[in-house]
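On a predicted model such as this, the values are computed, not experimentally measured, just so you know. Side chains are part of it too, since the values below use all heavy atoms of this structure and drop only hydrogens, waters and symmetry mates.
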Amino acid sequence: MELRITALVVICMLSYYVDCGNAQSVCSSESRESEDGLAACLQSIRDTMVNESAFWFGTDYPVNCPVPEYTIECVNLDPTPVSMADRLFFKGTFDVLTIEHYMDVTIHEKPGTYEGCGHIYTSDIEEDHSLDPIDPDPLTPWQTSHGFSASVQGLADTSAHYTLVIQDVGFIFLHGVYINIPGDSFDIANGEAIDAYHGPLYYRNDPQNPYIFMLFRQNQTNMELTQYWTDYFNDPSGSGFFNISDFAADQNLQGPVAINWLMSITDPYISEKQPFVNICPLFVEEAEREVDLYHVPNDIPFTVSVNIDYFSVGMNFSTCCNDYSYENATYSLDPIGDGNVTPFDNKDQPISITLLKMKLTPLPIDFRGELYTLLMIDPDISNNPGTGTKEKPLAHWLVTNIPNGRVDQGDIVLSYRGSMPPSGETHRYQFLLYEQENMLDIDPYDYTPDCQNQGIPDRCLFEVQRFVSENQLQFLGATWYNATSDAYVAYTKVEQGEPKEEVCALIPGYENPCPTSKGTSQHFTRIVMEIVVFVLLVFVIVT
């Protein structure tokens with residue numbers, strides 16, 4: 001039997017570190033059906049607990065982060081490479097043989113809606129995720145936010161009571177404590193929630209981070225917390241960093257007798273639950289990779305959020321044989337949703353532009369001593385090669401020497417020009433943010449030598465790549481919106497003297513000359529008849 005178990009464990013460990021295709025996990029429900037299979041699963045859990053290369057905080061950490069820095073990839077409260085057991089417990093004190101049982105943990109994902117990074121996310125998924133610690137499917141904060149259930153396979157002492165502790169292994173945060181769980185039914189709901197479960201709020205996709213469920217056997221049927229731990233859990237800031245070794249010793253707990261864990265990645269739900277954290281550049285970057293903005297470099301990560309708000313003052317106007325009415329409106333750009341904003345609603349310069357650096361703590365990260373450039377372009381104007389191409393787009397706005405992250409205090413090189421896509425077309429307008437090395441003195445004409453549109457000689461065929469390289473600009477972030485030509489575009493172009501026939505050709509209801517409505521015709525006829533009757537009456541009286 002020992003030989004069979006050893007063979008199964010070897011297969012299990014190989015499957016953990018290499019891709020075994022569709023090989024069944026040693027801790028799958030099917031594998032645990034036999035006595036040998038269950039034993040192999042438990043041994044694999046024990047081995048992984050003490051393996052110093054199994055997780056991101058192990059031996060890979062000094063390789064990936066040779067000089068620990070405060071970066072999103074390298075944040076580590078304790079950079080000493082350790083196993084999961086030594087990260088949770090005092091080094092060398094964890095006894096793997098206390099793990100006697102398998103705890104089956106199921107995460108319950110529910111449908112719902114949340115707002116994150118300026119975008120509304122809706123999920124229709126309702127699914128139960130049974131955790132497999134040896135072959136885990138990573139879960140996001142949203143997936144793990146709705147609750148869990150647990151059962152223990154082969155619990156020997158059903159007369160005892162148990163304590164369940166849920167903890168973030170990577171950052172030692174506490175995510176739940178339940179005491180006095182009866183062993184005969186092992187229903188979490190029948191225990192006492194000292195710190196009710198709250199799911200992971202992890203901020204990275206790579207590497208993944210483990211969150212562990214640890215079950216301890218109590219020496220008392222109805223255990224009470226010591227005064228120290230009572231005060232700890234009553235303190236609103238207490239359920240943060242958590243020393244499981246001290247808690248287990250003070251409460252005289254045995255074990256852990258059963259363990260399971262999930263691996264977490266991130267999603268925008270974290271920005272709703274922890275507003276002081278800003279990892280939105282990660283998700284804007286993901287969205288950009290989908291639309292592939294031409295002038296955004298693929299090898300430079302997004303590190304600053306560019307949040308833009310518009311306020312549009314309503315107006316009434318007539319053009320192309322139609323009357324139009326627009327109300328006041330406020331819009332925030334939604335690059336993650338590849339959002340649309342009508343030309344009317346972006347006709348005026350944004351009322352607010354907020355720059356936010358990527359950050360993971362409540363501490364502010366400011367822009368002191370740094371200078372920025374913001375460039376707005378339309379690369380989709382390629383149907384008019386004398387005005388713009390993808391390589392040399394039309395420049396809509398250029399602000400340089402932006403101090404302290406305040407765009408309103410920068411130098412306006414090119415004033416804001418709203419979107420004016422040709423009739424029947426949709427263009428994607430891009431805002432590109434760069435960091436400067438020093439103060440700039442820009443003449444836009446230097447970057448439009450090929451411009452053939454004399455109406456906008458300092459904007460058309462703007463040489464973005466040369467502008468960036470010559471001024472040693474470093475890309476930081478971007479946002480964008482889509483705009484489809486609307487009646488306001490037609491109105492503006494007609495007012496500017498462009499041929500009405502061409503501008504209005506695709507506007508519904510347009511004719512040349514504009515048709516006279518039936519009601520107007522009848523009203524005009526009635527007036528004429530009244531005038532004729534009046535003239536005849538005067539003629540009769542006079543004669």
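Note on residues 184-215: no pairs pass disulfide (SG to SG under 2.5 Å), not counting sequence neighbours. For residues 172-228, no residue pair satisfies the disulfide (SG to SG under 2.5 Å) rule, not counting sequence neighbours.
You'll find the ring centres of Phe475 and Phe302 inside the 6.0 Å limit. Here the two rings, on Phe247 and Phe242, have centers that are under 6.0 Å apart. Ring centroid separation for the pair Tyr331 and Tyr481 does not come in under the 6.0 Å cut-off. Aromatic pair Tyr121/His119: ring centres closer than 6.0 Å.
Contact annotation: the side chain of Asp206 never approaches that of Trp56 to less than 4.5 Å [non-hydrogen atoms, C-beta and beyond]. Proximity of Tyr310 to Leu333: side-chain heavy atoms (C-beta onward) are separated by under 4.5 Å at one or more points. Side-chain contact between Leu440 and Leu473: present, with at least one pair of heavy atoms (C-beta onward) separated by less than 4.5 Å. At least one side-chain heavy atom of Thr144 sits under 4.5 Å from a side-chain heavy atom of Tyr197. Using a 4.5 Å heavy-atom cutoff, the side chains of Asp267 and Tyr114 are in contact. Leu131 has its side chain out of reach of Phe148: every pair of non-hydrogen atoms, C-beta onward, lies at least 4.5 Å apart. Side-chain contact between Tyr269 and Ser123 is absent, with no heavy atoms from C-beta onward closer than 4.5 Å. Side-chain contact check for Asn209 versus Tyr203: every heavy-atom pair is 4.5 Å or farther apart.
By the 6.0 Å and 45° rule, Lys357 stacks over the aromatic ring of Phe367.
The CG atom of Leu282 sits 4.5 Å away from the CE atom of Met358 when rounded to the nearest 0.5 Å. The OG1 atom of Thr93 sits 7.5 Å away from the CG atom of Asp86 when rounded to the nearest 0.5 Å. Atom CE of Met214 and atom CD1 of Ile166 lie 9.5 Å apart (nearest 0.5 Å). Taken to the nearest 0.5 Å, the CG atom of Asp195 stands 11.5 Å off from the CD1 atom of Ile179. Between the OG atom of Ser332 and the CG atom of Asn307 there is a distance of 8.0 Å, given to the nearest 0.5 Å. Interatomic distance, CG of Leu375 versus CD of Gln430, reported as 9.0 Å (0.5 Å rounding).
In this structure a side-chain-to-backbone donor-acceptor pair under 3.5 Å is missing from Thr140 to Ile265. At distances below 3.5 Å, at least one donor-acceptor pair connects side-chain atoms of Arg32 with backbone N or O atoms of Cys27. Side chain of Arg46 to main chain of Leu97: no donor-acceptor pair is present (N/O by atom type, distance under 3.5 Å, no hydrogens or angles). Arg87 places a side-chain N or O within 3.5 Å of a backbone atom of Val169 that can act as its donor or acceptor partner. Checking side-chain atoms of Asp128 against main-chain N and O of Thr106 turns up no donor-acceptor pair under 3.5 Å. Looking only at distances, a side-chain donor or acceptor of Ser145 sits under 3.5 Å from a matching main-chain atom of Trp142. When atom types are taken as modelled, the side chain of Glu435 and the backbone of Glu370 share no donor-acceptor pair closer than 3.5 angstrom. A donor-acceptor pair under 3.5 Å links the side-chain atoms of Ser245 to the main chain of Phe90, judged by distance alone. Between the side chain of Glu272 and the main chain of Glu115, a donor-acceptor pair closer than 3.5 Å is present. The closest donor-acceptor contact from the side chain of Asn234 to the backbone of Thr230 lies under 3.5 Å.
A donor-acceptor pair shorter than 3.5 Å can be found between the side chains of Thr163 and Gln218. Between Gln436 and Asn471, the side chains place no donor N or O within less than 3.5 Å of an acceptor N or O (distance only, hydrogens not considered). A donor and an acceptor atom, one from each side chain of His161 and Asn180, are nowhere located under 3.5 Å apart. In this model, no donor atom of one side chain and acceptor atom of the other lie less than 3.5 Å apart for Ser25 and Asp135. A donor-acceptor contact closer than 3.5 angstrom links the side chains of His295 and Gln465. Asp250 and Thr226 share no donor-acceptor pair across their side chains, judged by distance under 3.5 Å alone.
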Kindly determine whether Gln251 and Leu225 satisfy side-chain contact (heavy atoms from CB on, under 4.5 Å), including the steps that lead there. CA-CA 7 Å; Gln251 295 298 140; Leu225 296 181; 3.9 Å; yes
Begin from the C-alpha positions of Ile45 and Met103 and carry the test side-chain contact (heavy atoms from CB on, under 4.5 Å) through to its verdict. CA-CA 11 Å; Ile45 291 174; Met103 180 164 52; over 6 Å; no
List the steps, then state whether side-chain contact (heavy atoms from CB on, under 4.5 Å) holds for Ile279 with Ser271. CA-CA 7 Å; Ile279 59 169; Ser271 69; 5.8 Å; no
Would you check, one step at a time, whether the test side chain to side chain donor-acceptor pair (under 3.5 Å) holds for Asp78 with Thr80? CA-CA 6 Å; Asp78 181 5; Thr80 305; 3.2 Å; yes
Show the numbers, then the answer: is there a side chain to side chain donor-acceptor pair (under 3.5 Å) between Asn205 and Thr266? CA-CA 6 Å; Asn205 281 328; Thr266 194; 5.5 Å; no
Go through the steps for Arg289 and Val296 under the test side-chain contact (heavy atoms from CB on, under 4.5 Å), then give the verdict. CA-CA 9 Å; Arg289 299 301 181 243; Val296 172; 4.1 Å; yes
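Minimum heavy-atom separation, Phe171 to Leu77: O-CD1, 3.4 Å. Of all heavy-atom pairs spanning Leu174 and His198, the tightest one is O-CE1, 3.0 Å. The two residues Asn401 and Thr373 make their nearest non-hydrogen contact at N-OG1, 4.4 Å. Considering all non-hydrogen atoms of both residues, Gly191 and Pro182 come closest at N-CD, 4.4 Å. Here the closest heavy-atom approach between residue Tyr61 and residue Pro79 is recorded as CE2-CB, 3.6 Å. Pro335 and Trp480 make their closest contact through O-CZ2, 3.3 Å (heavy atoms, listed as atom of the first residue, atom of the second, distance).
Between Ser305 and the options Asn278, Thr479, Thr354, a side chain to side chain donor-acceptor pair (under 3.5 Å) holds for only Asn278.
In this structure, Phe55 and Phe57 have parallel ring planes: the angle between them is below the 30° cut-off, well short of the 60° mark.
Evaluation of the side-chain hydrogen bond (donor to acceptor under 3.5 Å, both in side chains) rule for Asn482 yields Asp338, Arg428 as partners, not counting sequence neighbours.
The environment of CD in Glu224 is sparse: at most 12 heavy-atom neighbours from other residues, nucleotides or ligands sit within 6.0 Å.
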